[in-house]
Structures are given as structure tokens and as C-alpha cells.
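Only heavy atoms go into these numbers, but all of them, side chains included; no hydrogens, no water, no symmetry mates.
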Amino acid sequence: MIIVEKSLLNHNPFLHIVKKSIQQKKLPLIIFTHGFTSAKENNLHYAYLLAEKGFRVILPEAVYHGEREQGLTERDLYSHFWEIVIKTIHELNDYKQYYVEEGLADPDKIGLAGTSMGGMVTLGALTKYKWVKAAVSLMGMPSYEEYLHWQLEQMKNLGVSLTFSDEEIAGQLSVLRQYDLSLQPNKLDNRPLLFWHGKKDPIVPYALTYRFYQSVKNNYAAKPGDIHFISDEHADHKVSREGLKATVEWFEKYLLQ
């Protein structure tokens, strides 16, 4: 039996998914982060399949989302996008620390994954946490600085008046560079990393993600299978069944064996 438990850590809601028969054991841990305007419950299908394999899975709720929403419109929420990403990266460490200290997570078998914004969180977290042993980015990308410029360009093209001054944008960029994996690829440290991305994605440009993969894959010459990119020729901003299955198989390969 798989149990789904609603819990709080530091007053922040999250879901804990695990097989009932092993819930008190030290297990491999996966923290899976949802996308922008989504919620933790929307990734329960990933958590269920991972829990079936023997993982302990945490689905955090990002700030301003789901149970933590504060009545912001989607447009207002968008202005907080990078705040949400960075705050979520920091909160990941709280979940890891809690479950390791409770003896319920194996510190040598911890993985991160996420969809869209959650994929970006995952890739940013690789710049900060050596405890991440394997990762999966679904529709995410690591090039924070380039993506901010892309976002600003999109807003101009849509005729949205920018409410940020040049100084504010420069300040935001200086913060984002600290978490931009494309600017510090050495921090990837050849850890197993899987990408899934649709070529027709209008939200997170496929090209930004694939360019990064191309730039680092030669670093994995000794173990080329430890980095992999699945391109979906027809997909837009929605992960396919193939992406779901590949995520489970990736963690099964790198954290269970």
C-alpha cells in the first residue's frame, strides 16, 4: 500500500509519499518540485510510481502556490517568478536535512526532479548542494541569466510595460548568476542528469536547454550514459508518458542499484 501524507515543515505544506510497509526505514529520497502556477498534488503520479519502486518522495508546495497562495493574479505571480525559484531552492535543503536527521533518508541516495519551473529549481540546486546524487529536469533549463533576458523580450513583444528599472534588472541578474548552472558547469560534477524537453515548448525554450546539454556532455566521456537528453519532436509544454517513465527508470538506475 502507498500512503500519501499531508505534512508541514517550518509551517510549509508538503506531501510525503511512501510504501506503508517500509515507511519507517532509511530509504532513497526524491524531492520533486512542481511548475509555475501548478501545485504539489499535480505530480502525484510521479510520486506514486517512484514510491512503488521503494523511494520516499517529497512533493513541496512552492511559495505563492497551492496551499501557500496569497491571492495573487497570474500576472502578479509572474513578477515573483525568480523569488519563487530561489526560495524553493533554499527550502529543498530543509526537507533533505529533516529526513536525514530523522534517519528516514539515505544521505548517499538523494535525487531532485521537477517540471518546468521545478526543473529550473532542480538545475539551480545543483550549483548549491553536493548532496544531490542524481537529477531529472523535465522542461526546465539551467540558463537563468539568458532566460530572464528572454522573459523581458517576450514581455516587450506582448506590449507589456516593464515595471522594473535597469538597476532592478541588474540586481536580479547578479543574484541569478549565483544559481546559473550554465555559468558554472563544473558544479554539475558529472552527476547523473536526465533532461526531457519538447521541441515545440513555447514557455521554456528548448534551445536553451539543449545548448547546455551539448556544452557539458563531453565532460561525461568516462560515463556517457550518466547524462541523457530526451527530445520530443511533437510535444509543447507538457511531459509525455515517456518522460514520466524515463524519470522513474533514471532514479531506479542511479539511486537504487
Side-chain angles (χ1 to χ4, degrees), residues 4-17 29-44 46-47 56-101 105 110-129 131-132 135-145 147-148 150-152 154-155 160 162-164 168-169 171-181 203-204 237 239:
V4 178
E5 178 184 37
K6 288 184 72 172
S7 299
L8 290 172
L9 183 65
N10 300 333
H11 306 292
N12 295 330
F14 68 97
L15 295 178
H16 169 220
I17 300 91
L29 176 70
I30 306 291
I31 308 174
F32 196 111
T33 306
H34 64 75
F36 185 67
T37 72
S38 185
K40 60 189 182 304
E41 292 82 4
N42 291 348
N43 292 317
L44 273 168
Y46 288 92
R56 185 181 306 282
V57 186
I58 302 304
L59 301 181
E61 191 90 272
V63 65
Y64 306 132
H65 287 72
E67 291 184 68
R68 297 175 72 179
E69 67 92 19
Q70 296 183 22
L72 299 177
T73 65
E74 186 168 331
R75 184 167 176 171
D76 289 337
L77 193 63
Y78 197 69
S79 68
H80 291 280
F81 180 83
W82 291 109
E83 174 195 346
I84 298 164
V85 168
I86 292 169
K87 186 169 180 58
T88 304
I89 289 172
H90 287 277
E91 290 175 352
L92 294 177
N93 197 56
D94 296 337
Y95 295 106
K96 170 261 178 185
Q97 195 168 336
Y98 174 79
Y99 279 96
V100 168
E101 289 177 356
I110 300 177
L112 293 184
T115 52
S116 191
M117 180 184 77
M120 295 183 203
V121 166
T122 295
L123 294 165
L126 290 169
T127 69
K128 297 297 174 188
Y129 303 131
W131 49 257
V132 184
V136 176
S137 168
L138 304 158
M139 309 183 297
M141 61 89 237
S143 308
Y144 285 20
E145 183 174 2
Y147 190 65
L148 175 58
W150 181 85
Q151 287 176 310
L152 294 171
Q154 292 295 108
M155 291 169 74
V160 177
L162 299 179
T163 57
F164 317 109
E168 287 173 323
I169 292 171
Q172 181 74 85
L173 285 169
S174 70
V175 172
L176 294 185
R177 290 186 189 112
Q178 302 170 47
Y179 303 87
D180 189 323
L181 187 61
I203 308 297
V204 181
H237 200 63
V239 183

| remark: Taken in chain and number order and not counting sequence neighbours, the residues that satisfy side-chain contact (heavy atoms from CB on, under 4.5 Å) with E5 are S7, H16
| remark: Applied to residues 113-129, the side chain to side chain donor-acceptor pair (under 3.5 Å) test, sequence neighbours excluded, yields S116-H237
| field | Atom of L92, atom of A125 and distance for their closest heavy-atom approach | value | CD1-CB, 3.9 Å
| task | Provide the closest heavy-atom pair for L123 versus M141 in the form atom of the first, atom of the second, distance. | result | CD1-C, 3.4 Å
| message | Quick check for you: to the nearest 0.5 Å, what is the distance between L112 atom CG and L126 atom CG? | response | 6.5 Å
| query | To the nearest 0.5 Å, what is the distance between CG (L15) and CD (E67)? | reply | 7.5 Å
| request: Provide the closest heavy-atom pair for Y64 versus I84 in the form atom of the first, atom of the second, distance. | output: CD1-CG1, 3.7 Å
| said: For the CG atom of L173 and the CH2 atom of W82, what is their distance to the nearest 0.5 Å? | reply: 9.5 Å
| message | Restricting to side-chain hydrogen bond (donor to acceptor under 3.5 Å, both in side chains), what partner residues turn up for H80, sequence neighbours left out? | response | E83
| field | Distance in Å, I58 CD1 paired with I17 CD1, rounded so as to fall on 0.5 Å steps | value | 7.0 Å
| task | Start with the C-alpha distance between N42 and H34, add both sets of side-chain angles, then the distance that settles side-chain contact (heavy atoms from CB on, under 4.5 Å), and finish with yes or no. | result | CA-CA 7 Å; N42 291 348; H34 64 75; 5.8 Å; no
| Set of side-chain contact (heavy atoms from CB on, under 4.5 Å) partners for T73, sequence neighbours left out | R75, D76
| note | Rounding to 0.5 Å, atoms OG (S79) and CG (L72) come to a distance of 7.5 Å
| query | Listed by chain and number, what are the side-chain contact (heavy atoms from CB on, under 4.5 Å) partners of F81, not counting sequence neighbours? | reply | F36, V85, M117, M120, Y147, Q151
| request: Please name the pair of heavy atoms, one in Q172 and one in L148, separated by the smallest distance, quoted to 0.1 Å. | output: CG-CD2, 3.8 Å
| query | After noting the C-alpha distance and the side-chain angles of F32 and L138, does the key distance pass the side-chain contact (heavy atoms from CB on, under 4.5 Å) rule? | reply | CA-CA 11 Å; F32 196 111; L138 304 158; 3.9 Å; yes
| query | Partners of Q97 by side-chain hydrogen bond (donor to acceptor under 3.5 Å, both in side chains), sequence neighbours excluded? | reply | E101
| query | How far apart are the closest heavy atoms of W131 and I31, and which atoms are they? | reply | CH2-CD1, 4.5 Å
| side-chain hydrogen bond (donor to acceptor under 3.5 Å, both in side chains) against T88, all qualifying residues, sequence neighbours excluded | none
| In chain order, what residues pass the side-chain hydrogen bond (donor to acceptor under 3.5 Å, both in side chains) check against R68, with sequence neighbours excluded? | N12, E91
| field | Within-4.5 Å side-chain heavy-atom neighbours: D94 and F14 | value | no
| note | Sorted by chain and residue number, the side-chain contact (heavy atoms from CB on, under 4.5 Å) partners of V100 (sequence neighbours excluded) come out as K96, A105, P107, I110
| message | Ignoring hydrogens, what is the shortest heavy-atom contact between T37 and H65? Give both atom names and the distance. | response | N-NE2, 2.9 Å
| said: Measuring from atom CG of D180 to atom CZ of R177, what distance do you get when rounded to the nearest 0.5 angstrom? | reply: 9.0 Å
| request: Return the set of residues passing ring pair (Phe, Tyr, Trp, His ring centres under 6.0 Å) with H90 (not counting sequence neighbours), or none when no residue passes. | output: Y179
